[in-house]
Amino acid sequence: MKPLNIIIGTSASITEEVVKKYEFTVVDFKLIWEGEENIKGENIYEKMREATKTKIIGGPKTSQPSIGVYKNAFEEGLQVAEEVICIAISSKLSGAYNSAFQAIKMLTPENQKRIFLLDSLNADAAESFLAIRAAELSSEGLRAEKIIEKLKEFLKDIKLFATLENANWLEAGGRINHSLTILINQMQKVGMRPILMMKNGEIKPSTLKMQAKNASDALLKELDVQIKEPLAQGEVCRIIISHAGVPEDAEKIKNDILEKYKEKVKIEFISLTSYVIGAHVGPGALICCVTK
């Protein structure tokens with residue numbers, strides 16, 4: 001029996017290779033999109049673009065895993081590991097944390113003591129970083145309770161930020177109103193691109209990048225800001241990049257980062273943005289997570 005089983009949701013942007021490497025358990029969020037099967041495309045982002053072209057009304061929505069799904073994941077995890085850590089997307093963005101919390105209460109008192117639940121107050125690649133860090137700490141011999149303490153400290157060093165191709169899908173999902181959508185889209189046409197950032201568990205507008213010709217240019221400008229302090233302290237910055245159906249942009253960002261910062265940074269991986277986040281930010285969005 002291994003010491004620790006780590007559970008994440010499909011809200012975490014991650015690759016199959018990383019999941020296999022650390023033997024993560026992944027629980028599925030539901031993708032709800034009426035008529036999706038009739039829309040052409042290999043992934044959600046290609047389908048969202050196609051839906052825009054054909055003026056299909058409505059877009060994708062997501063729903064958190066049920067209490068039963070989490071209960072099954074916990075019971076299966078306890079069969080292969082001494083302890084289980086579950087890392088949930090921010091409770092301010094989803095009901096996943098509450099579902100997991102309720103599932104724990106359905107277990108026996110003995111098994112409840114072996115389950116440790118963390119509200120990541122984050123999303124996407126930041127969840128992936130927390131899971132990776134938990135696995136690294138476990139390999140160093142730490143028990144779950146101590147790992148949770150370390151992860152809460154680690155959260156202070158995680159920076160998650162994003163740029164959008166346009167604001168249309170945020171409006172479609174009810175996140176912003178039509179007037180703000182028009183304003184953001186007009187600003188972007190003249191090189192003024194807003195940066196979204198995770199703050200206190202929510203996605204908030206953070207800053208405005210001027211003279212940014214596209215989303216990747218804006219993301220690189222913000223990256224320079226976010227890694228300035230840790231690099232000055234002699235730290236090596238770890239980076240995960242996720243993209244909403246624009247792999248060539250993500251690859252360009254990776255190459256530009258490595259060319260500029262070389263051994264001062266480590267690109268962990270590039271992944272397709274989780275559909276849980278992508279359903280709201282839309283095709284063309286780019287997300288970067290940085291820590292040290």
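Computed from a predicted model, the values in this text were never measured in an experiment. In what follows, every heavy atom counts, from backbone to side chain, and hydrogens, waters and symmetry copies are set aside.
Considering N255, D249, D256 in turn, D256 is the only one that fulfils the side chain to side chain donor-acceptor pair (under 3.5 Å) rule with K252. Just one residue in the list V265, I240, I239 forms a side chain to side chain contact (heavy atoms under 4.5 Å, CB included) with V290, and that residue is I239.
Remark: the backbone N or O of A126 is not paired with any side-chain donor or acceptor of D124 at under 3.5 angstrom. Not one N or O on the side chain of S90 forms a donor-acceptor pair closer than 3.5 Å with the backbone of S120. In this structure, the side chain of S271 does not engage the main chain of S242 through any donor-acceptor pair within 3.5 Å. Panel note: side chain Y45, backbone V246; no donor-acceptor pair is recorded below 3.5 Å. Checking side-chain atoms of E83 against main-chain N and O of A144 turns up a donor-acceptor pair under 3.5 Å. Looking only at distances, no side-chain donor or acceptor of E165 sits under 3.5 Å from a matching main-chain atom of A215. At least one donor-acceptor pair under 3.5 Å links the side chain of Y275 to the backbone N or O of F29. A donor-acceptor distance shorter than 3.5 angstrom exists from the side chain of Q112 to the backbone of L107, with no hydrogens or angles considered. No donor-acceptor distance shorter than 3.5 angstrom exists from the side chain of R193 to the backbone of T163, with no hydrogens or angles considered. R114 places a side-chain N or O within donor-acceptor distance of the main-chain N or O of E82, the cut-off being under 3.5 Å.
When hydrophobic clusters are built by joining Ile, Leu, Val, Met, Phe, Trp and Tyr residues whose side-chain heavy atoms come closer than 4.5 Å, directly or via intermediates, L155 is grouped together with I132. At a threshold of 4.5 Å between side-chain heavy atoms, the hydrophobic network of Ile, Leu, Val, Met, Phe, Trp and Tyr places I241 and V18 in two separate groups. Note on L4 and F24: same hydrophobic cluster, where clusters join Ile, Leu, Val, Met, Phe, Trp and Tyr whose side-chain heavy atoms are under 4.5 Å apart, directly or indirectly. Residue F101 is grouped with residue Y70 when hydrophobic side chains (ILVMFWY) are merged at heavy-atom distances under 4.5 angstrom, including chains of intermediate members. Criterion: ILVMFWY side-chain heavy atoms under 4.5 Å apart, direct or through other members. Under it, F154 and I148 are part of a common hydrophobic cluster.
Residues I8 and S128 are not in side-chain contact: their nearest non-hydrogen atoms beyond the backbone lie 4.5 Å or more apart. Considering only heavy atoms from C-beta on, L121 stays 4.5 Å or farther from N200 through its side chain. Under the 4.5 Å side-chain criterion, counting only non-hydrogen atoms from C-beta, V281 is not in contact with I203. Using a 4.5 Å cut-off on side-chain heavy atoms (C-beta onward), I89 and Y97 make no contact. Between Y22 and I6 the shortest side-chain heavy-atom distance does not fall below 4.5 Å. Within the 4.5 Å cutoff, the side chain of L118 has heavy atoms near those of the K152 side chain. Side-chain contact between C288 and I253: absent, with no pair of heavy atoms (C-beta onward) separated by less than 4.5 Å. Contact of the K260 side chain with the L220 side chain is not registered, since no non-hydrogen atoms from C-beta on lie closer than 4.5 Å.
Shown here are the side chain to side chain donor-acceptor pair (under 3.5 Å) partners of S216, two or more places apart in sequence or in another chain: N214. Looking at residues two or more places apart in sequence or on another chain, you find no side chain to side chain donor-acceptor pair (under 3.5 Å) involving D157.
With a 6.0 Å radius and a threshold of 12 heavy atoms from other residues, nucleotides or ligands, F269 has its CZ atom above the threshold. More than 12 heavy atoms of other residues, nucleotides or ligands sit less than 6.0 Å from atom CD of E248. When the shell of 6.0 Å around NZ of K2 is examined, it contains more than 12 heavy atoms from other residues, nucleotides or ligands. Remark: Q233 CD is packed, more than 12 non-hydrogen atoms of other residues, nucleotides or ligands lying under 6.0 Å away. Taking a 6.0 Å sphere around CD of E42, one finds it holds 12 or fewer heavy atoms contributed by other residues, nucleotides or ligands. When the shell of 6.0 Å around CD of E16 is examined, it contains 12 or fewer heavy atoms from other residues, nucleotides or ligands.
Applying the salt bridge (charged side-chain N to carboxylate O under 4.0 Å, His left out) rule to pairs touching residues 64-79 yields K71-E75, sequence neighbours excluded.
Contact record, S206 with M197: CB-CB, 3.7 Å, taken as the closest heavy-atom pair.
With salt bridges taken as basic N to acidic carboxylate O contacts below 4.0 Å, none links E268 and K21. The pair K113-E110 does not count as a salt bridge, with every side-chain nitrogen at least 4.0 angstrom from each carboxylate oxygen. Using a 4.0 Å cut-off between charged nitrogen and carboxylate oxygen, E50 and K47 do not count as a salt-bridge pair. We find that E149 and K146 are joined by a salt bridge, their nearest charged nitrogen and carboxylate oxygen being less than 4.0 Å apart.
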